[in-house]
Amino acid sequence: MERDVTTRFAESLRAAGIEVPSIGVGSTPTCSVPPPHLAGVDEWHPGNFFAGAEARRRPVYSENEPPPFRWLLNQVLTRVVGHYPKSNTLLIDCGWTGASAQGKESGTAACRDLGQSRESGYGCFPLNPELRIANLKQECGEVTSVDGAPLDFRRYPIGALLRIAPHHSCASTHQHRSVNVLGADGDTVVEEWKICKGW
C-alpha cells in the first residue's frame, strides 16, 4: 500500500538523520480506491480525481440508463470547422494539444457506458454518442460516426460546438491555461481556475 511504503521510507530517512518535514501520498488512482487509514501521513494529493474523466470507476446509476454527461466533469469544448462527405468526416478545431493523444487504442469505460465502442479512444462526445474521434492531429481532429453510418452534416453545421470528454483528464487539463467551471445548468461559466504549471 502506498501509505505503508511511504511512511516506512520516511522513518528510515529520519533514522539516518535526514529531516522529513512532511509525508504526502495520493494520486488519482489512489483516491479512487482509498486506503483504510492514513496514519502518519500529513498530506493527501488527490490528483485530478474530482474531474471524473477516463472512467476510473463507474458512477452509481441504473443499469438501464446511461450515466449523466455531467459525471464526466472534465470536458473540452471544440468547434466544427470542416465537412468532408467523401470520407464521412467532420473536422474539429481540437487536436492532441487540446485534448491529449492518450487513450487512442483503449477507449474508456465511460464512453462504452454511453454506447461507444473501444475504438472511441481519445475520449468521447457525451452529448453526441453517435460520434467518435477517428484521429487527432496537433491542432485539429477528425470525427466520424461510431457505427460507420453516413453522417448527417446538417446536424453539425460549421461553427457548431461539441463537447469532448477526454480519455485522460490530467493530460488534457495540463494542455490549457485555465479551466472554466460551469454552474448547475451545465452551460454558464461561474468561475475560472488557473492551471498550476511546472514542478
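Keep in mind that what you see is a predicted model, and the values were worked out from it rather than measured.
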Checklist entry - With the 4.5 Å side-chain cut-off for hydrophobic clustering, are Leu13 and Ile23 part of the same group? => result yes

Spatial distance of atom [atom1] ([X]) from atom [atom2] ([Y]) [nearest 0.5 Å]:
X: Asp4; Y: His37; atom1: CG; atom2: NE2; value: 6.0 Å
X: Ile133; Y: Glu142; atom1: CD1; atom2: CD; value: 11.0 Å
X: Leu151; Y: Leu90; atom1: CG; atom2: CG; value: 5.0 Å
X: Tyr156; Y: Asn128; atom1: OH; atom2: CG; value: 5.5 Å
X: Ile158; Y: Phe153; atom1: CD1; atom2: CZ; value: 9.5 Å
X: Asn180; Y: Glu191; atom1: CG; atom2: CD; value: 10.5 Å

Which pair of heavy atoms, one from [X] and one from [Y], lies closest together, and at what distance?
X: Ser172; Y: His176; result: O-CD2, 3.0 Å
X: Tyr122; Y: Asn135; result: OH-OD1, 3.7 Å
X: Asn88; Y: Ala149; result: ND2-O, 3.0 Å
X: Ala99; Y: Leu136; result: CB-CD1, 4.4 Å
X: Asp187; Y: Asp185; result: N-OD1, 2.8 Å
X: Val76; Y: Pro166; result: CG2-CG, 3.7 Å

Checklist entry - Between Val146 and Pro129, is any pair of side-chain heavy atoms under 4.5 Å apart? => result no

Next on the checklist: Within the 4.5 Å heavy-atom criterion, are Thr144 and Leu131 side-chain neighbours or not?
Outcome noted: no

Check: [Y] main-chain N/O paired with [X] side-chain donor or acceptor under 3.5 Å:
X: Glu2; Y: Gly26; value: yes
X: Asp152; Y: Arg154; value: yes
X: Gln138; Y: Gly95; value: no
X: Arg14; Y: Val20; value: yes

Item to check | Audit row: Ile164, Cys94, side-chain contact (heavy atoms from CB on, under 4.5 Å) steps and yes/no | outcome: CA-CA 9 Å; Ile164 300 170; Cys94 180; 4.1 Å; yes

Next on the checklist: Show me the pairs that pass side chain to side chain donor-acceptor pair (under 3.5 Å) and involve residues 76-87, at least two apart or across chains.
Outcome noted: Thr78-Asp93, Ser87-Thr89

Next on the checklist: For Phe125 and Arg163: C-alpha separation, side-chain torsions, deciding distance, then whether side-chain contact (heavy atoms from CB on, under 4.5 Å) applies.
Outcome noted: CA-CA 6 Å; Phe125 296 92; Arg163 292 185 185 191; over 6 Å; no

Item to check | Audit row: Thr6, Val41, side-chain contact (heavy atoms from CB on, under 4.5 Å) steps and yes/no | outcome: CA-CA 9 Å; Thr6 306; Val41 172; over 6 Å; no

Next on the checklist: Salt bridge or not between Glu192 and Lys194? Use side-chain N to carboxylate O under 4.0 Å.
Outcome noted: yes

